[in-house]
Amino acid sequence: MSQRLSILGSTGSIGVSTLDVVGRHPDRFSVYALSAHRNLDRLFEQCVAHRPQVAVVADADGARTLSARLAEAGLKIDVTYGPQALIEIAEAGEVTMVVAAIVGAAGLQSTLAAARAGKRILLANKESLVLSGALFMATAERAGATLLPLDSEHNAIFQCLPQVAGESRISTRGVEKLVLTASGGPFRERELASLENVTPDEACAHPNWVMGRKISVDSASMMNKGLEVIEAHWLFNMPPEKIEVLIHPQSVIHSMVTYTDGSTLAQLGNPDMRTPIAHALAFPDRVTSGVAGLNLADIGKLTFEAPDLRRFPCLRLAFDTLHRGGTAGALLNASNEVAVAAFLEGRIRFTAIAQVVERVLDTVAVGEATSLEVVLDADRRARELATEIVAGLPAPARS
């Protein structure tokens, strides 16, 4: 049976890669809805190529612009806008699979709506679990939703775990620890003293992966890996002490699982998001992704090292957040989003990102994440304080 998809965040790197895989298998997948925030040009191109029933944009002006362009092209596509429209395409009865690829806290409500509707969710919006892990997982379990991770690390772990017939949750039977690999980003070997002077373009120059600017900065600071640690805790029901991060510059081993008998299983592949996307789209089957297989003889060697928490304080903050629990995840994510935006705009130094996050975590009280309203309130308070902290920091010197 053909699967009908809503892709939340179709113009980002995950959305583009998803549509590439979908386009290779028109007999298996079709697109019900696409969404974008501001990139109307790319969304228009995707609508022409994939003919969704619905397209969602951020606001009324964008909806009018896209509607006019689609009409000129002779396409009858329903164009809607705003957060409620995202929720509607996540819940739609025609949809069997939701790709949750909106970056940041903005993707929480629509992803949670897909969970409430019992959908098969291909999860790339890690912030849904960082902000509201317990709430999200409980919602998914009650509704019978299926979670399949799209992050290359979590998808690798999923592939290395036992698949137990008759069990709805991911099985971690016999697992000793999870090992998330990280490339180390562009600053793995840079002098520590020089990090405060790095530019946004330098931070976005990832050595292995092609990603958006926000996630590229998170990779450079290793906050992205910290968010993935929190995501792994919720996805796989693993305590923090059984989750490890290992720097692997080649980005060939995407993550590993160590078992109590001493065995370690790893998933390997070229650094291309189409591989985990194809795995999740077709699971439990396998389909072609467009990614070439590995040639290990050409790669020659694989190296590993422990992360230096002086170089990557954001990773330490994420582990601290996981131990604290409750609304701490919302505080971590919100303050980081504010700080990264300020860095990309040239208003603070790269090293100030961790400083802003730590000050917010030290100042705002952590409570139990008992409802979406509580989580969103913590998110709001963290953003307000982070914005004040950023305003008080010195701007980087301009050369």
Side-chain angles (χ1 to χ4, degrees), residues 3-23 29-40 42-47 49-59 62-63 66 77-132 136 139-140 143 145-151 154-155 211-212 214-215 227 231 235 273-274 276-277 280-281 333 337 372 376 379:
Q3 300 280 349
R4 297 206 77 189
L5 281 71
S6 283
I7 304 179
L8 310 176
S10 66
T11 60
S13 59
I14 295 292
V16 169
S17 293
T18 300
L19 287 171
D20 181 90
V21 177
V22 165
F29 310 111
S30 63
V31 177
Y32 171 78
L34 300 173
S35 84
H37 187 58
R38 300 291 182 193
N39 195 343
L40 298 185
R42 179 170 284 176
L43 183 59
F44 172 75
E45 293 170 359
Q46 292 176 340
C47 287
H50 296 278
R51 309 296 176 98
Q53 187 171 322
V54 184
V56 178
V57 296
D59 53 39
L66 182 62
I77 296 173
D78 184 18
V79 180
T80 58
Y81 65 91
Q84 182 58 37
L86 290 174
I87 290 172
E88 289 169 3
I89 64 171
E91 295 175 333
E94 300 93 327
V95 172
T96 56
M97 193 180 300
V98 175
V99 179
I102 296 174
V103 175
L108 172 59
Q109 294 194 57
S110 54
T111 308
L112 191 59
R116 281 197 305 268
K119 302 297 185 182
R120 179 168 174 157
I121 303 170
L122 277 58
L123 187 65
N125 176 250
K126 61 180 67 67
E127 291 83 3
S128 293
L129 294 180
V130 173
L131 271 72
S132 61
F136 188 93
T139 300
T146 300
L147 298 182
L148 294 171
L150 284 193
D151 277 339
H154 302 87
N155 183 266
M211 304 179 291
K214 193 270 180 182
I215 194 172
L227 299 179
E231 181 183 8
L235 272 177
M273 284 305 300
R274 290 177 297 173
I277 288 168
L281 280 170
N333 181 74
E337 287 189 12
L372 180 60
L376 294 177
D379 176 271

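Below, each value reflects all heavy atoms present in this structure, side chains not excepted, and no hydrogens, waters or symmetry copies. By convention here, the first residue in the shown sequence is residue 1.
For the salt bridge (Lys or Arg N to Asp or Glu O under 4.0 Å) condition, the pairs that include at least one residue of residues 7-20, sequence neighbours left out, are Asp20-Arg24, Asp20-Arg274.
No donor-acceptor pair under 3.5 Å is formed between the side chain of Ser110 and the backbone N or O of Ile87. At least one donor-acceptor pair closer than 3.5 Å links the side chain of Thr96 to the backbone N or O of Arg4. At distances below 3.5 Å, at least one donor-acceptor pair connects side-chain atoms of Lys119 with backbone N or O atoms of Val95. Between the side chain of Asn155 and the backbone N or O of Pro149, at least one donor-acceptor pair lies under 3.5 Å. Without hydrogens or angle criteria, Glu337 side chain to Ala105 main chain gives a donor-acceptor distance under 3.5 Å.
Residue Glu231 holds its CD atom at 4.0 Å from NE2 of His154, rounded to the nearest 0.5 Å. A distance of 11.5 Å separates CG of Leu122 from CG of Asp151, quoted to the nearest 0.5 Å. The CD1 atom of Ile277 sits 12.5 Å away from the CG atom of Leu148 when rounded to the nearest 0.5 Å. For the atom pair Gln46 CD and Arg51 CZ, the distance stands at 14.0 Å (nearest 0.5 Å). Put simply, OG on Ser6 and CD on Glu91 are 10.5 Å apart, with the number rounded to the nearest 0.5 Å. From Ile7, atom CD1 reaches atom NE2 of His50 across 7.5 Å, with rounding to the nearest 0.5 Å.
The heavy-atom pair separating Ala145 from Ala115 by the smallest distance is CB-O, 3.7 Å. Val57 and Gly62 get closest at one heavy-atom pair: CG2-C, 3.7 Å. Scanning all heavy atoms of the two residues, the minimum distance from Ala124 to Leu150 falls at CB-CB, 4.0 Å. Heavy atoms only, all atoms of each residue included: Ala90 and Val98 are closest at O-CG2, 3.6 Å. The shortest non-hydrogen separation linking Tyr81 to Val56 is CA-CG1, 4.2 Å. The minimum heavy-atom distance between Ser35 and Gly9, with the atom names listed, is OG-N, 2.9 Å.
Shown here are the side chain to side chain contact (heavy atoms under 4.5 Å, CB included) partners of Ala100, two or more places apart in sequence or in another chain: Thr111, Ile121, Leu123, Asn125. Legend: residues meeting side chain to side chain contact (heavy atoms under 4.5 Å, CB included) with Glu88, ordered by chain and number and at least two apart, are Gln84.
Looking at Leu86 and Ile102, their side chains come closer than 4.5 Å, going by heavy atoms from C-beta outward. The side-chain heavy atoms of Ile215 and Val103, taken from C-beta on, include no pair separated by under 4.5 Å. Residues Gln3 and Leu281 have side chains not in contact (no heavy-atom distance under 4.5 Å, counting atoms from C-beta outward). The shortest distance between side-chain heavy atoms of Leu108 and Asp379 does not fall below 4.5 Å.
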- Run the side-chain contact (heavy atoms from CB on, under 4.5 Å) check on Leu43 and Ser10 step by step: do they pass? CA-CA 7 Å; Leu43 183 59; Ser10 66; 3.7 Å; yes
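By the 6.0 Å contact criterion, CZ on Phe44 is enclosed, its count of non-hydrogen atoms from other residues, nucleotides or ligands being greater than 12.
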